[in-house]
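Each remark here refers to the structure printed beneath this line.
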Amino acid sequence: MSIKGSAQPRIDTILVLDFGGQYAHLIARRIREQGVYSEIVPCDIKADEILEMKSKFNVKGLILSGGPSSVYEEGAPKIDIRILQMDIPVLGLCYGHQLIAHLLKGRVDKGKVREYGSTYVTINKPVDILEGLSRKEKVWMSHYDIVYSLPEDFEVLASSSNCPIAAFRHKKKPIYGLQWHPEVVHTEHGTEILRNFIFKVCGCKAGWKPSSIIDDAVNEIKRTVKEGKAIIALSGGIDSSTAAVIASRALKDRLIAVFVDHGFMREGEPEYVEETFRRMGVNIIVVRAQERFFKRLRGIIDPEMKRKIIGEEFIKVFEEIAEREEAEYLIQGTIYPDRIESGARRHSDRIKSHHNVAGMPTKIKFKGVIEPLRDLYKDEVREIAKSLGLPEEIIKRQPFPGPGLAVRVIGEVTPSKIQILRRADRIVTEEIEKAGEIKDRLWQYFAVLTDTKSTGVKGDMRAYGYVLAVRAVESREAMTASFARIPYDILEKISTRITNEIPEVTRVVYDITHKPPSTIEWE
Ligand code: XMP
């Protein structure tokens with residue numbers, strides 16, 4: 001489900017027409033940050049369709065996104081030309097800017113150089129969308145084609161050394177073009193430009209917030225599932241938890257939230273998740289499947305094989321429940337970055353097979369898949385989770401891999417090794433959390449049980465036990481990460497407690513590798 005229908009009738013909306021540019025979604029995101037609802041629509045949307053949406057969405061403006069094509073090539077995506085005659089303000093960005101010029105008989109062609117990155121433009125007329133800007137502005141460009149001449153009735157607002165028509169406007173109508181990207185943070189006053197467009201040009205009023213989508217998402221689920229049943233795989237992470245609570249509001253007992261305890265959860269986690277969601281009125285089934293997972297992992301040491309087996313077994317368990325419960329719809333907590341990542345990964349090297357319950361393939365033919373959070377970013381989901389009353393502990397939870405502690409036990413996974421790791425993990429967590437604000441800087445902090453043994457001395461006796469690694473990283477998106485510079489006295493407390501409280505461990509090491517070259521998890 002898209003978040004179509006999420007805007008209340010009185011809430012002003014900006015539609016972003018998507019020409020396939022990598023920043024298209026960011027435009028909608030930046031607008032929503034200003035408290036104005038924004039939704040992405042396909043670039044070939046017809047003028048009539050926009051008019052039809054208008055009653056429901058109060059469409060106050062249109063933004064044409066960037067895109068990889070050249071406007072003059074055959075088959076290049078275009079807009080329904082009547083869109084430019086509708087009296088709704090239009091702002092074209094990059095490809096959108098070139099397209100407006102091209103469709104209205106200006107000239108667009110290849111530039112002399114490709115421009116990619118930060119550059120300066122001269123603002124010749126600081127009016128309308130450029131109001132309040134200085135004469136020189138730092139902006140982000142990413143293009144080859146440029147507009148060489150303007151259509152009739154248009155005027156230049158800004159230029160750069162490579163791009164004489166870097167910004168334009170129609171002299172009488174609210175139609176604008178920018179060759180640069182105001183939605184990218186590297187454009188110093190990008191937010192001001194977008195604010196000028198949405199508030200001054202389009203006359204929007206701020207009033208939207210992420211939680212405004214809740215009621216509409218609930219209604220949409222009700223309309224789709226009708227009297228049927230739906231199922232969701234609940235991991236206890238923020239995304240599936242939020243989707244589960246929204247779906248539960250819509251379907252009550254006809255939502256079945258399934259939490260599969262594969263035996264690789266952290267201490268107390270299955271009990272915590274079960275209790276929390278029961279308290280919130282979610283119909284939750286906890287499947288205690290530890291034995292079958294341990295059995296399938298017996299003798300397996302290859303990390304990719306482990307991940308594959310856990311993923312497969314997870315789906316089997318989930319399918320058994322779905323079949324038994326006769327659920328017709330699958331609800332997933334997929335968020336927007338999950339979708340970009342899976343797209344991007346198609347052409348990139350596979351580093352690890354992520355087992356992510358949100359993106360679960362399944363053999364069962366569901367009548368439909370509903371993804372109430374599919375257009376949102378993590379922080380927007382956090383805000384929704386807060387207004388749904390999800391506990392702080394779930395909202396602030398550190399990411400945890402689908403295969404759980406199984407990929408933090410190096411080599412063969414056994415119940416006794418998981419038990420050792422669980423105790424070490426609790427100590428790491430407790431000590432970091434005690435340390436206060438350090439925790440807020442960390443993306444993840446956890447223990448890893450290596451398959452190396454080492455000599456130690458405990459109580460005057462020789463001891464021979466495991467080497468346990470502690471990992472703590474700082475990161476923004478987990479694509480890159482740096483090891484955290486944890487103060488030595490905290491590391492000392494962790495190490496002392498682990499070696500004292502866990503007899504099987506004789507040595508504790510701290511992982512001082514960044515990602516890349518390492519990954520965050522050890523396997
Ligand atoms: P890596 O180890 O690839 O991890 O640097 C990046 C982030 O992803 C988490 N991770 C997973 N998340 N399923 C998930 O949902 C998985 O299979 C999985 N493996 C790793 C990891 O904890 C880190 O935050």
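Note that this is a predicted model, so its numbers are computed, not measured. Indexing begins at 1, ligand by ligand and atom by atom, following the structure's order.
- Ligand 1 has no nitrogen or oxygen under 3.5 angstrom from a nitrogen or oxygen of Arg408.
- Near Pro399, with a cut-off below 4.0 Å to any heavy atom, the atoms of ligand 1 are 24 (O).
- When only interatomic distances are considered, the shortest N/O to N/O separation between Ile520 and ligand 1 falls below 3.5 Å.
- Looking at Arg288 and Glu274, a side-chain N of the basic residue comes within less than 4.0 Å of a carboxylate O on the acidic one, giving a salt bridge.
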Take Arg32 and Ser38 through the test side chain to side chain donor-acceptor pair (under 3.5 Å) and record every step on the way to the result.
-> CA-CA 6 Å; Arg32 297 202 298 259; Ser38 179; 5.8 Å; no
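- Close contacts of ligand 1 with Thr519, meaning ligand atoms under 4.0 Å from a residue heavy atom, involve 1 (P), 2 (O), 5 (O).
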Going through the checks in order, is the salt bridge (Lys or Arg N to Asp or Glu O under 4.0 Å) test met by Arg249 and Asp215?
-> CA-CA 9 Å; Arg249 285 206 179 166; Asp215 286 347; 5.5 Å; no
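- Taking the ring centre of Phe483 as origin, the terminal cationic atom of Arg485 falls inside the region bounded by 6.0 Å and 45° from the ring axis.
- By the 4.0 Å N-to-carboxylate-O rule, Arg441 lies close enough to Glu474 to be salt-bridged with it.
- Contact annotation: Trp443 has at least one heavy atom less than 4.0 Å from an atom of ligand 1.
- Set against the non-hydrogen atoms of Pro403, the atoms of ligand 1 under 4.0 Å away are 16 (C), 17 (O).
- With Thr242 as the partner, the side chain to side chain contact (heavy atoms under 4.5 Å, CB included) test is satisfied by one option alone out of Leu376, Ile335, Val381: Val381.
- Of the charged side-chain nitrogens involved, none lies within less than 4.0 Å of a carboxylate oxygen, so that Glu320 and Arg324 do not count as a salt-bridged pair.
- On a distance-only criterion, Gly402 and ligand 1 share at least one N/O pair closer than 3.5 Å.
- Those atoms of ligand 1 that come under 4.0 Å of a heavy atom in Lys515, given as number and element, are 1 (P), 3 (O), 5 (O), 6 (C).
- Residue contact annotation: Arg307 has a non-hydrogen atom under 4.0 Å from ligand 1.
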